[in-house]
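Here's the structure, in structure tokens; my notes come after.
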Number of protein chains: 2
Amino acid sequence: MSGADEYSSKRAAADAVRSRTRGGLSEEVAGYVRQLILTGALLPGERIDQEAISADLDVSRSPIREAIVMLGKEGLVDVKPRRGAAVANLSPEDIVDHYELFGLVAGRAAAMAAKNLPPSDVAELRAIHQQFAKPATTGTGVSDGLPDYAALNDRFHFIINSVAPRRTKWLLGHLVKSVPSNYYEFAEGWNQRSVDHHERILTAIESGDADAARSAMEDHLHESGIAAAEALRAQGFWQPLVD
Amino acid sequence: MSGADEYSSKRAAADAVRSRTRGGLSEEVAGYVRQLILTGALLPGERIDQEAISADLDVSRSPIREAIVMLGKEGLVDVKPRRGAAVANLSPEDIVDHYELFGLVAGRAAAMAAKNLPPSDVAELRAIHQQFAKPATTGTGVSDGLPDYAALNDRFHFIINSVAPRRTKWLLGHLVKSVPSNYYEFAEGWNQRSVDHHERILTAIESGDADAARSAMEDHLHESGIAAAEALRAQGFWQPLVD
DNA sequence: CTTCTGCATTTTAAATACAAAATCAAGCAT
DNA sequence: ATGCTTGATTTTGTATTTAAAATGCAGAAG
């Protein structure tokens with residue numbers, strides 16, 4: 001009984017899942033569980049109760065099962081035949097390692113961008129970066145007209161990756177999915193550091209220096225990894241599970 | 001009706017699948033379909049008929065469905081909601097790109113091996129390489145006591161990867177799975193080239209030169225990618241599908 | 001008191017059944 | 001003759017049911 005409560009606390013989100021267009025339910029369920037894991041609602045080692053998810057999302061177990069297979073391939077859960085799935089025991093070292101790999105691939109894309117990105121895209125990159133570098137007016141007011149940093153960051157990287165070959169893009173998509181991306185709120189002064197990183201990357205691309213672009217991107221993601229691990233720690237991701 | 005014949009020609013393999021221990025049927029099915037794709041029995045763009053596989057393997061559609069999800073995550077099939085799955089349209093460029101990425105990650109592992117591989121492992125590496133370098137006595141006789149090159153190759157790389165961090169090993173496992181690994185028989189004189197590559201990698205590791213090990217591994221996999229694409233071509237992988 | 005064995009319970013895995021969407025074809029209209 | 005619409009067929013996606021494996025507990029034996 002204690003297991004079901006774990007999930008049902010998120011019933012609000014559940015309805016959002018159900019409301020989606022028919023077909024591709026497994027994808028939705030995967031997103032739901034992924035979020036549960038990445039936000040620390042499900043701790044490493046904790047069993048994934050198919051029954052509970054089924055009850056919580058009001059979905060049969062077939063799409064849940066497929067979602068678990070997906071998450072297994074993403075490395076977020078361990079799937080043992082005949083004994084179900086559990087949240088993967090990712091260590092801080094795993095997270096750092098993951099981002100290091102991420103950096104390798106993103107570095108490759110950045111190097112290619114330095115050589116092949118069309119001038120118009122480079123210009124847009126600079127424009128976006130200017131928005132990104134705009135200091136957040138410290139007022140906590142909501143609709144302050146202050147930039148949506150996450151969106152700008154996404155677009156920045158999206159443009160850089162746009163000239164990478166297909167398979168490289170594909171792998172980047174996978175690497176970005178199975179890892180937290182909300183460390184903006186946690187790491188102290190992350191925004192400023194991020195701006196510095198982007199500036200270095202952008203400068204390298206503008207001057208067509210592939211090696212510099214690669215290292216800049218690798219360094220950026222190396223530090224992002226440390227920030228991500230810290231964010232997970234702050235969320236209680238590595239809290240010992242009490243039983 | 002024409003679709004089912006496509007599969008039933010492989011019924012021998014099908015029985016082998018069924019014979020396995022219970023639990024984890026999806027994994028077996030995935031292996032079966034993966035082989036069908038990698039050997040060119042299913043051509044790029046061709047639909048994956050769940051019913052046909054079900055009939056051919058005498059397995060219900062549930063594990064087949066999960067297998068398709070796996071292959072989707074591996075990038076071997078495209079899964080479109082409500083319109084089924086089809087063999088991914090991998091181009092030669094995709095294969096080369098894939099191996100380039102493979103090289104990036106394996107290069108990272110090799111660099112680490114150059115610094116951290118225990119001397120005993122380095123010694124075993126050398127011993128394996130000596131077996132590997134042994135010229136295949138040109139007699140086509142079967143039980144000639146001539147080395148199993150594929151196994152030696154696997155072990156060679158396995159030892160190198162053994163000191164890589166967990167996530168890196170995990171990614172390597174994924175990258176190696178969704179790509180042909182039988183180009184030994186196709187590329188002319190591949191064995192000799194492979195020996196040369198391994199020699200260069202091994203020398204770098206023995207002398208503790210991380211950068212040299214990395215480049216050697218990257219180059220090795222770059223050439224492997226070209227050979228793999230060639231092997232696929234030779235297998236008729238890119239034959240226009242006739243409809 | 002401890003440990004091993006066997007039964008009951010729980011939960012997974014696979015098979016089957018059902019519903020909905022998409023494709024294909026034939027007929028009709030233009 | 002061509003194009004569109006409508007109906008039948010096929011095939012997918014989801015739910016439900018059934019079977020088997022693992023876990024936990026209880027009782028008996030040492």
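The structure displayed is predicted, hence computed values, not measured ones. Just so it is clear: chains get the letters A, B, ... in the order the sequence lines come, proteins before strands, and each one is counted from 1.
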For the pair made of [atom1] in [X] and [atom2] in [N], what is the distance, rounded to whole Å?
{"X": "A:Leu25", "N": "C:dA21", "atom1": "CG", "atom2": "P", "value": "12 Å"}
{"X": "A:Asp49", "N": "C:dT12", "atom1": "CG", "atom2": "C1'", "value": "11 Å"}
{"X": "A:Glu27", "N": "D:dT14", "atom1": "CD", "atom2": "P", "value": "11 Å"}
{"X": "B:Glu51", "N": "D:dT9", "atom1": "CD", "atom2": "P", "value": "17 Å"}
{"X": "B:Arg61", "N": "C:dA15", "atom1": "CZ", "atom2": "C1'", "value": "11 Å"}
{"X": "A:Gln50", "N": "D:dA22", "atom1": "CD", "atom2": "P", "value": "15 Å"}
{"X": "B:Arg82", "N": "D:dT12", "atom1": "CZ", "atom2": "P", "value": "10 Å"}
{"X": "A:Ile64", "N": "D:dA15", "atom1": "CD1", "atom2": "P", "value": "9 Å"}

- Message: Salt bridge check, B:Glu100 against A:Arg167: does any charged N sit closer than 4.0 Å to a carboxylate O?
- Response: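 No.
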- Just to confirm, is there a sub-4.0 Å distance from OP1 or OP2 of D:dA15 to any side-chain nitrogen or oxygen of A:Ser60? yes
- Query: Does a nitrogen or oxygen in the side chain of B:Arg47 sit under 4.0 Å from OP1 or OP2 of D:dT11?
  - Reply: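 No, no such contact exists.
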- Query: Got a donor-acceptor contact below 3.5 angstrom from the A:Thr39 side chain to the A:Gln35 backbone?
  - Reply: yes
- Find which nucleotide of DNA chain D each of A:Arg83 and B:Lys80 is nearest to by heavy atoms, and output the residue with the more 5' nucleotide.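 Going by which nucleotide is closer to the 5' end, it is B:Lys80.
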- Using heavy atoms to find the nearest nucleotide of DNA chain D for A:Pro63 and B:Gly84 separately, return the residue whose nucleotide is more 5′.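 Per heavy-atom nearest nucleotide, the more 5' residue is B:Gly84.
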- Task: With sequence neighbours left out, write down each residue that passes side-chain hydrogen bond (donor to acceptor under 3.5 Å, both in side chains) with B:Asp97, or none if nothing qualifies.
- Result: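 Partners of B:Asp97 under the side-chain hydrogen bond (donor to acceptor under 3.5 Å, both in side chains) test: A:Arg108, A:Thr168.
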Extract all donor-acceptor atom pairs below 3.5 Å that involve side chains of residues 225-235 of chain B and protein atoms in other chains or at least two apart in sequence.
{"residue": "B:Glu230", "atom": "OE1", "partner": "B:Arg233", "partner atom": "NE", "Å": "3.2"}
{"residue": "B:Glu230", "atom": "OE2", "partner": "B:Arg233", "partner atom": "NH2", "Å": "2.8"}

- Message: Under a plain distance cut-off of 3.5 Å, with no hydrogens placed, do B:His174 and B:Glu74 share a side-chain donor-acceptor pair?
- Response: no
- Nearest-nucleotide comparison on DNA chain C, the residue closer to the 5′ end among A:Ser62 and A:Ala85: A:Ala85
- Closest listed nucleotide, where the reference is the side chain of B:Glu66 and the choices are C:dA14, D:dT14, D:dA15: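 Out of C:dA14, D:dT14, D:dA15, the nucleotide with an atom closest to B:Glu66's side chain is C:dA14.
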